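Everything quoted here is computed from the prediction, not taken from an experiment. Letters A, B, ... mirror the listed sequences (proteins, then strands); counts begin at 1.
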2 protein chains.
Amino acid sequence: MPSTTRESGSRSRTRRAILDAAIALLATRPQASLAEVADAAGVGRSTLHRYFPERTELLSAVVEDSMAQLTAAVAAAELDRGTPAQGLRRIIHTYFELSPVLLVLFGEHLIDTRKDLVGDLDELDAPVFALLERGQREGYFDAEVSKEWLNRVLWAVVYVGIDATAEGTMTRHAALESITRTLEHGMLARPGA
Amino acid sequence: MPSTTRESGSRSRTRRAILDAAIALLATRPQASLAEVADAAGVGRSTLHRYFPERTELLSAVVEDSMAQLTAAVAAAELDRGTPAQGLRRIIHTYFELSPVLLVLFGEHLIDTRKDLVGDLDELDAPVFALLERGQREGYFDAEVSKEWLNRVLWAVVYVGIDATAEGTMTRHAALESITRTLEHGMLARPGA
DNA sequence: GCACTTTGGGACACTCATGTCCCACAAATG
DNA sequence: CATTTGTGGGACATGAGTGTCCCAAAGTGC
């Protein structure tokens, strides 16, 4: 028997609805109550408890699901193909499009609820690290700072764009352009000059 | 002459202790209970309530105090003196040193509890905006992006350094160097090339 | 149509943070 | 030394979020 027991279509649909609503809600309000999550998912509170008996289990599932989505998206970006320059642009887009997932995972230290998955996190970032390292070797990325630092900066600047977009200050397009430009050029007009 | 009525030394000392503890605590755990705050401040819970009858009042006071500290620090950085390059380095240091205050103000949207102070926030950032604008005019800062964007990026990258320092990944010195380098150069080895 | 599954809502107990009140004790002030 | 001022701790009420249980109704598959 498949470890994955069969799930009567409706069950898996309900589960997905809850997960999606939870991710969207917790991205902006990590302390949202279960009643709010249930409401956002369009299900009763008792139904939510039926799928996730305890809050921590819901959080766990949200983390797992988010990581799975992120892993898939990063893989789809095929960072090992093309030049580092192209890879950078692709990972920027990938991160930017997955904003709710990213927010829920890192924005609020929700990952800490599942210490056992922190290891998988490295595995998840591996393709990005590989890209950064390759770029550093080829003289494209700055080798004076660590690839871990570059990864953090990458995420931080993308976050700035997500935030600016969320509050309506910029359009998605403008944000994407600013992100790319800043990551490639820094704050200066003629860097290195 | 202080319109602030007399405060028996001990009262103001207790108040400061509470405020400092609250800022330090809320910087990392914005949902910390009042009991924890009182504990961290080394006072009884009833004493805390005596100074700040309601949680919202404590939050308000924390925001006000943080903004005052930040305003003073930014003023002390004298961003209108010297070249934009020097100004940038000084504001980086200023932000970096004030990490708890910055975290409590922006890291957790705590500012939203006092909408009336959002206006003062612009006033607070004014010297930074002035620096950025001056730098853009003089051709030092990138003029292809807005000064608001530059300000956000500035804070975001400093935050990366604060975070890396907090979790022990980097020393303060290393973080400061990486922040400066990244802001000036971006992620690339030879930007603009 | 019938049996089985899934659902929503209500009722309940429990925990925890909050806020209030009071009182005895310590510290500062005169 | 006596008074005022500040403090800590306990007792208590309240409200919100959580978790459990149950049952009638709606949905699903055969």
Do you know the tightest heavy-atom contact between B/Leu131 and B/Phe141?
-> O-CE1, 3.8 Å
Taking all heavy atoms of A/Val37 and all of A/Ala21, pick out the closest pair and write down the distance.
-> O-CB, 4.3 Å
Are B/Asp80 and B/Arg134 close enough for a salt bridge, meaning some N to O gap below 4.0 Å?
-> no
Given atom CZ of A/Arg15 and atom C1' of C/dT6, what is their separation to the nearest angstrom?
-> 16 Å
Lys/Arg N to Asp/Glu carboxylate O, B/Arg45 vs B/Glu36, below 4.0 Å = no
Roughly how many Å is it from CG in B/Leu25 to P in C/dA17, rounded to a whole number?
-> 13 Å
A/Thr28 side chain to A/Leu25 backbone, donor-acceptor under 3.5 Å = yes
Could you tell me whether B/Glu97 and B/Arg172 have a side-chain N and a carboxylate O separated by less than 4.0 Å?
-> yes
Do you know which two heavy atoms are closest between A/Ala27 and A/Pro100, and how far apart they sit?
-> CB-O, 3.7 Å
Salt-bridge criterion met for A/Arg15 and A/Glu57 (N-O under 4.0 Å) | no
May I ask you to verify if any side-chain N or O of B/Tyr51 is less than 4.0 angstrom from the OP1 or OP2 atom of D/dG6?
-> no
Which angle, to the nearest 10 degrees, lies between the helix axes at the two ends of the helix from C/dG1-D/dC30 to C/dG30-D/dC1, each defined by five pairs?
-> 30°
Just how far, in rounded Å, is C1' of C/dT6 from CG of A/Leu48?
-> 14 Å
Summarise protein proximity over nucleotides 11-30 of chain D in one line of letters, 5' to 3': B for base, S for sugar-phosphate only, - for none, counting protein heavy atoms closer than 4.0 Å.
-> ------SBBB----------
